[in-house]
Structures are given as C-alpha cells and as structure tokens.
Amino acid sequence: MAEKTIYLDNAATSFPKPPAVAEAMMHFVREIGCNIKRGGYGSAYQAAEVVLETRERLSAFFGHDDPRRVIFSLNITTALNQILCGFLHPGDHLLISGLEHNAVIRPLHRLAAYGVCFDRIPCAADGTMDLDALPGLLRPETRAIVVSHASNVGGTLNPVAELGTFCHRHGLRLIVDSAQTAGVLPLDMAAMQIDALAFTGHKGLLGPQGVGGFLLGAEMAEEISPWICGGTGSFSHLEEMPALLPDRFEAGTMNLPGIFGLHAALVYLEQRGMAEICCHEQTMLSILCDALRGREDVRVLGGIDTPRVAVLSCDFPGRDNAEVAFRLESEFGILTRCGLHCAPDAHRSYGSFPQGAVRFAPGCFTQAEEMQAAADAIRCILEE
C-alpha cells in the first residue's frame, strides 16, 4: 500500500483548497452562524453583505451585468435543473452537444415525458463539434442550445462563442455548463452572448462542495419560472414566489458556510490570476501527455494533442481500466477516477463506451514531481 497519495481527480472536485476557504467557513460557523433575510440584527446583516459581495464578484468574474441575476443553488446540477425545467415547455425542442454530462441529459429525459425533445449536435472522434451540422438540426420549435464549455471526460472545448453568435442570429437561447472551465478559462457572458451560465463552486472556482448557481441575462430571467418554491424571507404575505430577483429562485435556507468559503476562493483566484492557474495546469498535463505520446498500449480519449482543459482520460486496450485505476491507487497512491464519469454520451462520442476510461485531472496545486510519478506508475503497470 502506498504511503503517500497524489490527488489527480480535480475534475471531480478540486483539492486541496486555498487555506482561506476553510478559515472563512469556520469564521461563519463560529462567529456568525445566523441566517440572512430571517433576522433583523447585526450578524444577519454582516452575513448578507458577504453574500451580496460574492454575487458581485461572480457577476464581474463572468462578464455579467447585474448581481441580482446571480442565483445561488446547492450545485451546478440543481442550477441546470432550474434553468431547463423553468425555461422549457411542452412542444419545445433544443440542441445539445455529444459531450454532455448527466446533469443535462437526465433532466431532459424527464422533460421528454412532458413533450420536450432534443437532438445531439454530432461531433468527431476527438470530441470537436460539427458546426456545419447546426442549420440542418433547427426546427421551428427550437428554443435553445445547451452545451458544456468543456467535457469532463476528454477535456475537449466546445465553441461557445461561435454558438453564441449562431444562437443570436437564429433567436435561440444559449445555456452553458461551466463545470470544467469556471476559474480556469475566461467566460464572458456578454462577449460570448450566453443567456444562462451554470457554475459550481467546488471545482475550478476552488470553493467547497454544496454551493453553486447560475447567472441569467436580462431577457432570460423573464422567461424562466421558479422550479423550487418556498420561503425567501421576503414578501412573506404572498402565496406565490416573489417576482424580485434573486429571491424568485432562492427558496429556503442557503448554504451560507459554503458561500463564505466560495467568497474566499474567489478572492484567491483574483489574487493568483486565472491565466497563471491555467498555464500551471496545462504544464502539469503536458508532463503526462509527453510520457504517453506514441504508446500503442494507451488510447487518450480525444487524441493526445487536442486542445483541452487539464483533463485526460485514458483507455488501456486489452486491460481492465478499473484494475489499472485500482493499482494506481493501491501500489502508487495515485487517485484518479475510473468509469463513465456520469457522461455516457461523451464516452459514446469518444468511442470508449461501455468500458469507460481512467481520468487524470491535475489542479492548481499539483506539482511536477507528482505528474512524473503518475507517468512512471502507468509505465510500470503497462511494462511489467
């Protein structure tokens, strides 16, 4: 059993977090502890100020124009459910990429029972989208395109800016899942013409689990109905959800410790710089890519030289991928994720369904010697 572990599962959740994240969460739990919009006293107002400042930072971070349209949720899955279930109606049609996560696929399958339908935009074996196919997929009832900015399986980037232009030209809404890119790559809602952007706090944004949300354009905000209803601490005399934003989409008690942690993480990101983090992660990934290049006993999903975020999934032909992942952990202390990664559509597109793959995802705190150790471990397992 390995004595030391090397964490390479940052596509699932980033680890470690900046120390300030835990400190901010502990400060809330120990020193504040109350709810917001449910108390007329100093500590409640202090907490509300941090929540507002976090909205403002997120709004600026994503090229958005109004913090009131920054909505908090438990995670990006809840955010995507709210957007999809609140926006789509029976008879609507939408387009998705061939790389989507189950956070998009499963809500759409549920909505199919109510008359919503969708088509997949075809992509090549490396995961790149066939933009030329878009016009032929449109229907009179098409309302939106929903895409992940980057695949959680192969790291392949979807052409969000080009899709924004296409959607604007055809009167469609563009809904983006930023799970693998927020905090790593620039996302400018205005420049990219994104109508709704869902985010999670616990991956590239370096915050804790259990906090995420979405940002809405002005027109999109008027077209979505609340999916979860309940108390908001405002307009309590009404039996329906208030029209005021962000209250309309924030029923129930917030994860305030999580938001305090996310606030600290955003400050860290601003200080360190997203460009520096992206460069570091790409440098770490290149160590593994260089070690695997030319090997016939490893297949890198999407191709080894395809532009990607720092996510690399490997299929080991003739071997049990699960056994490879188990040995990486048990013998070398290398923590990866094996399987279908909650994205069977992506694996079908990459040609790795149903066997799945072993995913390596360095983060902003990964060190070069750790990536070299992973490369050496793979070589040791394959060449024994």
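Remember, it's a predicted structure, so these values are computed and weren't measured experimentally.
Using a 4.5 Å heavy-atom cutoff, the side chains of Asp119 and Arg139 are in contact. Using a 4.5 Å cut-off on side-chain heavy atoms (C-beta onward), Leu58 and His64 make no contact. Looking at heavy atoms from C-beta onward, Leu174 lies out of side-chain contact with Met192 at the 4.5 angstrom threshold. Contact check for Leu215 versus Phe61: no side-chain heavy atoms found under the 4.5 Å cut-off. Side-chain contact check for Gln193 versus Arg169: every heavy-atom pair is 4.5 Å or farther apart. You'll find the side chain of Glu329 stays beyond 4.5 Å of the side chain of Thr336, heavy atoms only. A 4.5 Å side-chain heavy-atom check between Ser349 and Arg120 finds every atom pair outside the cut-off. Thr13 is not listed as a side-chain neighbour of Thr200, based on a closest heavy-atom distance of 4.5 Å or more.
Classification of the Phe365-Tyr268 ring pair by plane angle, with boundaries at 30° and 60°, yields tilted. Classification of the Phe199-Phe72 ring pair by plane angle, with boundaries at 30° and 60°, yields perpendicular.
We find that Arg57 and Glu53 are joined by a salt bridge, their nearest charged nitrogen and carboxylate oxygen being less than 4.0 Å apart. Look at Arg55 and Glu250 and you find a salt bridge, because one of the NZ, NE, NH1 or NH2 atoms lies within 4.0 Å of a carboxylate O, short of that distance.
Residues Leu157 and Val153 do not share a hydrophobic cluster, clusters being chains of Ile/Leu/Val/Met/Phe/Trp/Tyr side chains in contact below 4.5 Å. Criterion: ILVMFWY side-chain heavy atoms under 4.5 Å apart, direct or through other members. Under it, Tyr7 and Phe360 are not part of a common hydrophobic cluster. Met241 and Phe249 are not part of a single hydrophobic cluster, where members link through side-chain heavy atoms under 4.5 Å apart.
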Given the rule in the side-chain contact (heavy atoms from CB on, under 4.5 Å) test, do Leu134 and Ile145 qualify, once you have shown the distances and angles that lead to the verdict? CA-CA 10 Å; Leu134 282 173; Ile145 295 178; 4.2 Å; yes
For the pair Leu163 and Met129, evaluate side-chain contact (heavy atoms from CB on, under 4.5 Å) and give the outcome as yes or no after the intermediate values. CA-CA 10 Å; Leu163 291 173; Met129 180 182 291; 3.9 Å; yes
List the steps and the verdict of salt bridge (Lys or Arg N to Asp or Glu O under 4.0 Å) for Asp305 and Arg293. CA-CA 9 Å; Asp305 293 313; Arg293 184 173 283 106; 2.5 Å; yes
Evaluate Arg106 against Thr77 for side-chain contact (heavy atoms from CB on, under 4.5 Å), listing each step before the verdict. CA-CA 10 Å; Arg106 287 178 173 174; Thr77 299; over 6 Å; no
Should Leu172 and Phe166 be marked as a side-chain contact (heavy atoms from CB on, under 4.5 Å) after you check the CA-CA gap, both sets of side-chain angles, and the distance that decides it? CA-CA 8 Å; Leu172 309 177; Phe166 181 87; 4.2 Å; yes
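In this model, no donor atom of one side chain and acceptor atom of the other lie less than 3.5 Å apart for His263 and Thr54. Using a 3.5 Å distance cut-off with no hydrogens or angles, the side chains of Glu100 and Ser97 do pair a donor with an acceptor. Inspection of the Ser313 and Tyr350 side chains reveals no N or O donor paired with an N or O acceptor under 3.5 Å. A donor-acceptor contact under 3.5 angstrom links the side chains of Asn75 and Thr78, judged on distance only.
No donor-acceptor pair closer than 3.5 Å links the side chain of Gln180 to the backbone N or O of Ala310. In this structure, Arg308 contributes its side chain and Gly303 its backbone to a donor-acceptor pair below 3.5 Å. With hydrogens and angles disregarded, no donor-acceptor distance shorter than 3.5 Å links the side chain of Ser59 to the backbone of Glu56. Panel note: side chain Ser178, backbone Ala198; a donor-acceptor pair is recorded below 3.5 Å. No donor-acceptor pair under 3.5 Å is formed between the side chain of Ser14 and the backbone N or O of Leu205. Asn158 contributes a side-chain N or O that, together with a main-chain N or O of Ser148, makes up a donor-acceptor pair within less than 3.5 Å. When atom types are taken as modelled, the side chain of Asn10 and the backbone of Phe15 share a donor-acceptor pair closer than 3.5 angstrom. Looking only at distances, no side-chain donor or acceptor of Gln209 sits under 3.5 Å from a matching main-chain atom of Lys203. Remark: side-chain polar atoms of His341 are not paired, donor with acceptor, to backbone N or O of Ala343 under 3.5 angstrom. For Ser151 (side chain) and Leu99 (main-chain N/O), no donor-acceptor pair under 3.5 Å exists by modelled atom type.
The distance from atom CZ of Arg110 to atom CG of Leu84, rounded to the nearest 0.5 Å, is 12.0 Å. Note: Leu108 CG to Cys117 SG = 10.0 Å, rounded to the nearest 0.5 Å. Considering CZ of Arg143 and CD of Glu223, their distance stands at 6.0 Å, rounded to 0.5 Å. Atoms CD and CZ, from Gln82 and Phe214 in turn, are 4.5 Å apart once rounded to the nearest 0.5 Å. Atoms SG and CG, on Cys167 and Leu95 in that order, are 8.5 Å from each other to the nearest 0.5 Å.
Shown here for Pro362 and Met284, the closest heavy-atom pair between the two residues is CB-CB, 3.9 Å. Of all the heavy atoms in Ala243 and Arg248, the pair that sits closest is O-NE, 3.3 Å. Here the closest heavy-atom approach between residue Ser43 and residue Ile32 is recorded as O-CG2, 3.7 Å. Annotation for Ala221 and Leu216: closest pair CA-CD1, 3.9 Å, computed over non-hydrogen atoms. In terms of heavy atoms, Ile83 sits closest to Met220 at CG2-CE, 4.2 Å. Minimum interatomic distance between His93 and Leu137 (heavy atoms only, all atoms of both residues): CE1-O, 3.5 Å.
A ring-centre distance under 6.0 Å is found for His109 and Phe118.
By the 6.0 Å and 45° rule, Arg173 does not stack over the aromatic ring of Phe87. Stacking of Arg379 on the aromatic ring of Phe332 is not recorded, the 6.0 Å distance cut-off and the 45° axial limit not both being met.
Heavy atoms of other residues, nucleotides or ligands lying less than 6.0 angstrom from CD of Glu219 number 12 at most. No more than 12 heavy-atom neighbours from other residues, nucleotides or ligands sit within 6.0 angstrom of NE2 on His168. In the displayed structure, Arg272 atom CZ is contacted under 6.0 Å by more than 12 heavy atoms of other residues, nucleotides or ligands.
A side chain to side chain contact (heavy atoms under 4.5 Å, CB included) with Met254 holds for exactly one of Leu74, Ile259, Val211; it is Ile259. No option in Asp315, Asn321, Asp320 other than Asp315 meets the side-chain hydrogen bond (donor to acceptor under 3.5 Å, both in side chains) test with Gln355.
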